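A short write-up of the structure that comes next.
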Amino acid sequence: GDFGKYQFFQFILHVLSGVTAGMHMLSLITVGAVPDHRCFIPDLDTNITGLNFLHPNLTQFVPITPAGTPDNCRFLGDLNETFMCDKWVYDDTYYQSSRGIEWNFVCNRRWMGAVAQSSYMFGVFFGAITLGSAADKYGRKTIFCWSATFQLILGVLVAFTPEFYSFLVIRFLYGIFGSAGSYITGFVLTMELVGPSKRTPCGIAFQGAFAIGFMLVAGWGAIIKDRQLLQVIYGLHSLIIIGNWWIMDESPRWLWAQGRIKESIAIIQKALKMNNSPITIDPSDYITKTKIRRDSQGEDAGIGDLFKTPNLRNKTLNICLCWFANSIAYYGLSLSAGKLNGNPYLILFLMGLVEIPSYTLTALIMDRTGRRGLMAFYMLTGGLCCLIAAKLSHGSTEATSTVMVGKFLIASSFAIVYNYSAELFPTVVRNSALGLGSMCARFSGAMTPLISLLDSLDPTLPAMIFGAIALLSGFLTLFLPETVGFPMPQSIEDGEKFGVGDTCFTSCMGKKRRLPPPPPKEEGIIKEMQPLDRKNQENRIREEEL
């Protein structure tokens with residue numbers, strides 16, 4: 001069946017990785033928070049143990065910037081001369097302890113906070129490509145469980161790192177395993193286990209789990225004020241997936257593709273029993289009559305195979321741009337919102353909560369509309385929101401509304417690209433393809449703060465760049481094939497043939513896509529994994545008896 005008790009149980013084990021991935025990726029928002037701050041003024045701040053952030057005599061010591069706001073990096077001396085700060089006083093209304101306060105991620109040290117977050121994102125970037133290939137070679141479960149183990153260790157270790165550059169190294173390693181290894185591999189495990197009718201809701205559920213991790217960052221941050229204990233709590237959440245070493249199964253589809261038929265059938269027998277299925281299978285029958293189709297690379301297929309043939313190469317480059325554009329538009333819209341006033345924990349919680357309705361709507365309509373057209377629509381309209389937000393006043397009601405609508409659209413598109421990528425590429429390189437796409441997304445996520453520095457030339461330039469990239473990718477998405485209603489390709493040869501000649505301009509304009517030709521039949525040979533049902537089994541037994 002598409003989704004029996006067995007698939008549901010395994011899916012729960014997989015999707016928990018989404019919660020930990022979201023939490024680890026966003027943990028620095030609270031652990032490294034930089035609250036409102038001002039210069040430490042020697043003539044004013046004499047009581048070290050009880051500094052008053054809003055001192056009544058503050059205005060006579062703080063210069064005003066050209067924008068009309070108090071300067072939090074300079075102060076005035078007795079003769080009205082200006083001095084650069086070397087110490088700061090922080091507003092402790094919401095944050096009493098953080099890396100940003102300890103190491104002063106402010107003024108001419110702001111780069112330290114940016115680099116700390118980028119080091120994690122570049123870790124995810126590196127992990128997405130290396131662990132994606134490793135999962136195709138060594139197995140989904142192996143990479144999932146080792147990543148769970150290392151993210152637990154590193155998530156706790158990073159809380160006790162006393163020096164900044166060592167902190168960067170740990171953060172980089174933390175990113176490799178914290179938001180790449182288990183999350184992407186868990187997603188692929190689910191896509192290879194559930195039937196076509198349940199791929200959409202299961203895939204979308206991973207995005208929802210990530211948003212839950214987002215909200216947990218805010219919830220724990222509001223409760224625990226000590227940054228060291230807070231990071232330890234975040235790290236310990238990986239305990240919820242450590243048990244998968246013993247209770248999670250390897251992907252039977254991957255085992256089958258590797259020629260490990262006996263192990264694959266053993267898992268399928270376990271699933272049939274757990275699902276109370278009346279079907280019985282004879283392992284020896286499949287083992288003696290199964291032949292796995294392989295190209296010249298066989299089980300050694302990897303990322304390089306995505307670029308060797310023209311159709312796979314075009315699909316790979318196009319989908320990589322989709323990942324890149326979704327990520328950069330998402331973060332670009334967030335930056336366009338300007339500073340939101342209020343409780344930072346509540347705002348952070350709502351920023352995660354707003355994504356849940358987008359995922360729910362997408363799950364309900366994606367199978368009816370198809371992946372390609374819906375994702376193109378979301379990206380094109382999300383890109384327009386970037387362009388519109390660039391022209392509106394930051395912090396205004398109109399700008400905030402535009403940004404929230406844009407985030408709704410881009411979050412939906414991001415959810416689709418995971419499912420779409422998993423269905424578009426063959427089993428032997430599926431994890432590698434998802435890892436490559438995720439790598440592109442993390443690279444653009446790490447680059448977004450750097451692109452935002454271009455606002456010194458023109459305040460609207462960064463958002464215009466983000467919007468233009470989303471619009472370009474949304475248009476090019478129309479040239480990808482549709483995947484709804486088609487079986488997932490298994491080999492490199494399947495992947496190359498999949499969707500040839502199918503674009504929105506050939507199948508969306510009143511024309512129907514032709515079904516792919518059936519695989520050649522060879523007597524006594526089973527080419528690839530086929531859906532198992534009673535009718536197929538009875539027909540096969542009858543043929544054998546004849």
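Quick caveat, the model's predicted, so the values are computed rather than measured.
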Looking at CZ of Phe408 and OH of Tyr359, how far apart are the two atoms once the value is rounded to the nearest 0.5 Å?
10.5 Å
With a 6.0 Å cut-off on ring centres, are Phe414 and Tyr378 close enough?
no
Would Ser421 and Trp323 count as a side chain to side chain donor-acceptor pair (under 3.5 Å) here? Give the steps.
CA-CA 10 Å; Ser421 299; Trp323 284 84; 3.0 Å; yes
His24 versus Ser238, side-chain donor and acceptor atoms under 3.5 Å:
yes
Ala205 and Val15 have their tightest heavy-atom pair at O-CG2, 3.8 Å
Could you check whether any side-chain heavy atom of Tyr165 comes within less than 4.5 Å of a side-chain heavy atom of Val169, counting everything from C-beta outward?
no
Test side-chain contact (heavy atoms from CB on, under 4.5 Å) on Phe505 and Phe479 and set out the steps.
CA-CA 8 Å; Phe505 304 101; Phe479 291 90; 3.5 Å; yes
Determine whether Met248 and Gln10 satisfy the following criterion, side-chain contact (heavy atoms from CB on, under 4.5 Å), listing intermediate values before the conclusion.
CA-CA 6 Å; Met248 189 178 80; Gln10 293 291 316; 3.5 Å; yes
Dump the intermediate steps for side-chain contact (heavy atoms from CB on, under 4.5 Å) on Leu436 and Thr316, then the final yes or no.
CA-CA 9 Å; Leu436 181 62; Thr316 300; 3.7 Å; yes
What one should report as the nearest heavy-atom pair of Gly495 and Lys315 is O-NZ, 2.8 Å
Distance in Å, Gln117 CD paired with Ser27 OG, rounded so as to fall on 0.5 Å steps:
7.5 Å
Side-chain contact test, heavy atoms from C-beta onward, threshold under 4.5 Å: evaluate it for Thr161 versus Arg99 and give yes or no.
yes
Criterion side-chain contact (heavy atoms from CB on, under 4.5 Å) on Arg253 and Val188, from CA distance to verdict
CA-CA 11 Å; Arg253 185 182 290 269; Val188 171; over 6 Å; no
Point-to-point distance, once rounded to the nearest 0.5 Å, from CD of Glu482 to OG1 of Thr369:
7.5 Å
Which of these passes side chain to side chain contact (heavy atoms under 4.5 Å, CB included) with Leu312: Val429, Ile492, Asp305?
Ile492
Using the six-membered ring wherever Trp is involved, compare the ring planes of Trp245 and Trp146 and label them parallel, tilted or perpendicular (cut-offs 30° and 60°).
perpendicular
Counting C-beta onward and ignoring hydrogens, is there a side-chain heavy-atom pair between Pro481 and Leu424 closer than 4.5 Å?
yes
From CZ (Phe167) to CE (Met112), nearest 0.5 Å:
10.0 Å
Side-chain (Lys407) to main-chain (Val354) donor-acceptor, under 3.5 angstrom
no
Please state whether the rings of Phe187 and Phe206 are parallel, tilted or perpendicular, taking 30° and 60° as the class boundaries.
perpendicular
Minimal heavy-atom distance between Cys322 and Met379, with the atoms involved, is O-CE, 4.1 Å
Check whether the side chains of Asp249 and Tyr6 place a donor and an acceptor atom closer than 3.5 Å, and report yes or no.
yes
Report yes if the distance between the aromatic ring centroids of Tyr174 and Tyr120 is under 6.0 Å, otherwise no.
yes
Taking the side chain from Thr309 and the backbone from Asn311, do they hold a donor-acceptor pair closer than 3.5 Å?
no
Check: Leu321 and Leu476 side chains under 4.5 Å, non-hydrogen atoms
yes
Determine whether more than 12 heavy atoms belonging to other residues, nucleotides or ligands lie under 6.0 Å from atom CZ of Phe307.
yes
Residues Ser444 and Ser327: side-chain donor-acceptor under 3.5 angstrom
yes
So, the side chain of Asn244 versus the backbone of Leu13: is there a donor-acceptor pair under 3.5 Å, distance only?
yes
Student check: side-chain heavy atoms of Tyr420 and Leu480 closer than 4.5 Å
yes
Is it true that a side-chain atom of Glu250 and a backbone atom of Lys141 form a donor plus acceptor pair closer than 3.5 Å?
yes
State the OG1-CZ distance between Thr483 and Arg371, to the nearest 0.5 angstrom.
5.0 Å
Should Leu193 and Pro252 count as side-chain neighbours, where that means a heavy-atom distance under 4.5 Å?
yes
Between the side chain of Thr477 and the main-chain N/O of Ala376, is any donor-acceptor distance below 3.5 Å?
no
For the residue pair Leu152 and Ile242, what are the closest heavy atoms and their distance?
CD2-CG1, 4.0 Å
Main-chain N/O of Val484 paired to Asp367 side chain as donor or acceptor, under 3.5 Å
no
The criterion is ring pair (Phe, Tyr, Trp, His ring centres under 6.0 Å); which residues satisfy it with Phe177, sequence neighbours excluded?
Phe150
Rounded to the nearest 0.5 angstrom, the CD1-CD1 distance for Ile356 and Ile212 is 5.5 Å
Looking at every non-hydrogen atom in both residues, tell me the closest pair between Ile143 and Gly181 and how far apart they are.
CG2-O, 4.4 Å
Parallel, tilted or perpendicular: ring planes of Phe3 versus Phe11, cut at 30 and 60 degrees
perpendicular
Would you find more than 12 non-hydrogen atoms of other residues, nucleotides or ligands less than 6.0 Å from Arg313 atom CZ?
yes
Closest heavy-atom contact between Trp254 and Lys137?
CZ2-O, 3.6 Å
Would you indicate whether Phe126, at its atom CZ, is surrounded by more than 12 heavy atoms from other residues, nucleotides or ligands within a distance under 6.0 Å?
no
Check whether any side-chain heavy atom of Thr30 sits under 4.5 Å from a side-chain heavy atom of Leu348, and report yes or no.
yes
Is Glu192 close to Arg140 at the side-chain level, that is, under 4.5 Å between some pair of heavy atoms?
yes
Please test Ser17 against Ser182 for side chain to side chain donor-acceptor pair (under 3.5 Å), starting from the C-alpha separation and ending with a verdict.
CA-CA 6 Å; Ser17 64; Ser182 294; over 6 Å; no
Val194 backbone acceptor or donor facing Asp2 side chain under 3.5 Å:
no
Between the side chains of Thr20 and His237, does any donor sit under 3.5 Å from an acceptor?
no
